[in-house]
Amino acid sequence: MLTIHNPHHHLHQGRHEMFRGRLVPCHETAQRLAHVLAELKRRAMGPLRAPAADTAGLSQALARIHAPRYLNFVEHAWDEWVALDPANAQQDALPSVWPAPGMRFDVLPDNFAARMGLFSFDAGTPLTAGSWAAARAGAACALTAAREVSSGTAHSAFALSRPPGHHAGTDFFGGYCFLNNAALAAQALRDGGAAHVAVLDVDYHHGNGTQAIFYERSDVMTVSIHGDPRTEYPFFLGHADERGAGAGTGFNLNLPLPRGTDFTRWRAALHAGLNTIKSFGADALVVALGVDTFEGDPISGFTLRSADYLQVGQDVAAARLPTVFVFEGGYAVAEVGINTVNVLEGFNRQSLRP
Ligand code: 6XA
Ligand code: ZN
């Protein structure tokens, strides 16, 4: 399978995140991607390429998904942070104050901390010197992968990027995400001629950003299998009764599962999701591929094993759709490469069957 990997991902290196009430070293590290890349090479999974350098095309694609004032903020946030105090160059920027419902979201505050809060939803996503450059290059990976599939050059492709994307909304960051790579890929597939595109999010955490971006649209269906938000991050979205709104009613499917869910039960949800995507008549598929469903994941609660990911890939391939995989979560660093590449290998094996 063709992989488009992010050559600038290491520019985003958070030091600390607020996690369960205290600052801890970031779970989302550059090492994660290195392990996946090493495993792709070890198993000779196919060509590895950097994203296309289409700067104008990328800016246009970003503007299809994210609000201009949000993009402008994230692009310049680090410089603003350091301009406040040169000593800030030695520490990440984290938000600490947020507008609650009923407060003003329309007025852009002058105060930097206030804007950090306006454009985010948690204190777990440090903004660092290289966050924008890394996130932008990551978005380019998703875009390039989608265009390769759209043009028919490749039947499937893998965007291996970090920081991840599925929690990022039109105008907010959070959950380690700044730019929504899966949404960019889905929109690129639409723009490339696919009338119906489905996003299948198999990360442990609900893809709240992706859901919100497409919630009122009937041309992009969003399906997410995840830890029940009653107990699991991101807590405030991802319930089964969220089915879409307006023209998008019926085009969002959430399949929340309790902590402790094993592969048998998880796979039944996968089949339910894939059946819904089939009924929708999808012409192309984006898989938000997080492997934090793994039994050894330090921040999650499902019990999938490494071999199960081969089956996941096979099940996804059985949909027989042009597919773009986009890398999301997975924090059991030693196994993140094996688990991710198992999905791709299972997909390849099944795709080769007549
Ligand atoms: C709390 C946990 C963030 C989860 C990030 C993730 N800071 N999302 O893996 O898919
Ligand atoms: Zn996750």
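Remember, it's 1-based here, ligands and their atoms both numbered in the order they're listed. The figures here come from the full heavy-atom set of this structure, side chains too, leaving out hydrogens, waters and symmetry mates.
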Quiz item: Regarding Thr222 and Tyr215, is there a side-chain donor-to-acceptor distance under 3.5 Å anywhere?
Solution: no
Exercise. Pick out which of Asn6, Thr128, Thr29, Leu127 makes a side-chain contact (heavy atoms from CB on, under 4.5 Å) with His12.
Key: Thr128
Quiz item: Can you name the nearest heavy-atom pair linking Gln91 to Trp78, along with the distance?
Solution: O-CH2, 3.5 Å
Quiz item: What heavy-atom pair brings Ser161 and Asn181 nearest, and what distance separates the two atoms?
Solution: OG-ND2, 3.7 Å
Quiz item: How about Arg162 and Tyr176: do any of their side-chain heavy atoms sit closer than 4.5 Å?
Solution: no
Exercise. Mark yes when over 12 heavy atoms from residues, nucleotides or ligands other than Asp110 sit less than 6.0 Å from its CG; otherwise mark no.
Key: no
Quiz item: What N, O or S atom of Asp203 is found closest to the Zn ion (ligand 2)?
Solution: OD1
Quiz item: salt bridge (charged side-chain N to carboxylate O under 4.0 Å, His left out): which pairs involve residues 5-26, sequence neighbours left out?
Solution: Arg15-Asp92
Practice problem: Report the name of the N/O/S atom of His205 located nearest to the Zn ion (ligand 2). | Solution: ND1
Quiz item: Asp292: which N/O/S atom is nearest the Zn ion (ligand 2)?
Solution: OD2
Give a table of atom pairs where an N or O of ligand 1 lies under 3.5 Å from a protein N or O.
from     : atom 1 : to     : atom 2 : distance (Å)
ligand 1 : 8 (N)  : His166 : NE2    : 3.4
ligand 1 : 8 (N)  : His167 : NE2    : 2.6
ligand 1 : 8 (N)  : His205 : ND1    : 3.1
ligand 1 : 9 (O)  : His205 : ND1    : 3.0
ligand 1 : 9 (O)  : Asp292 : OD2    : 3.1
ligand 1 : 9 (O)  : Tyr331 : OH     : 2.6
ligand 1 : 10 (O) : His166 : NE2    : 2.5
ligand 1 : 10 (O) : His167 : NE2    : 3.2
ligand 1 : 10 (O) : Asp203 : OD1    : 2.7
ligand 1 : 10 (O) : Asp203 : OD2    : 3.3
ligand 1 : 10 (O) : His205 : ND1    : 3.2

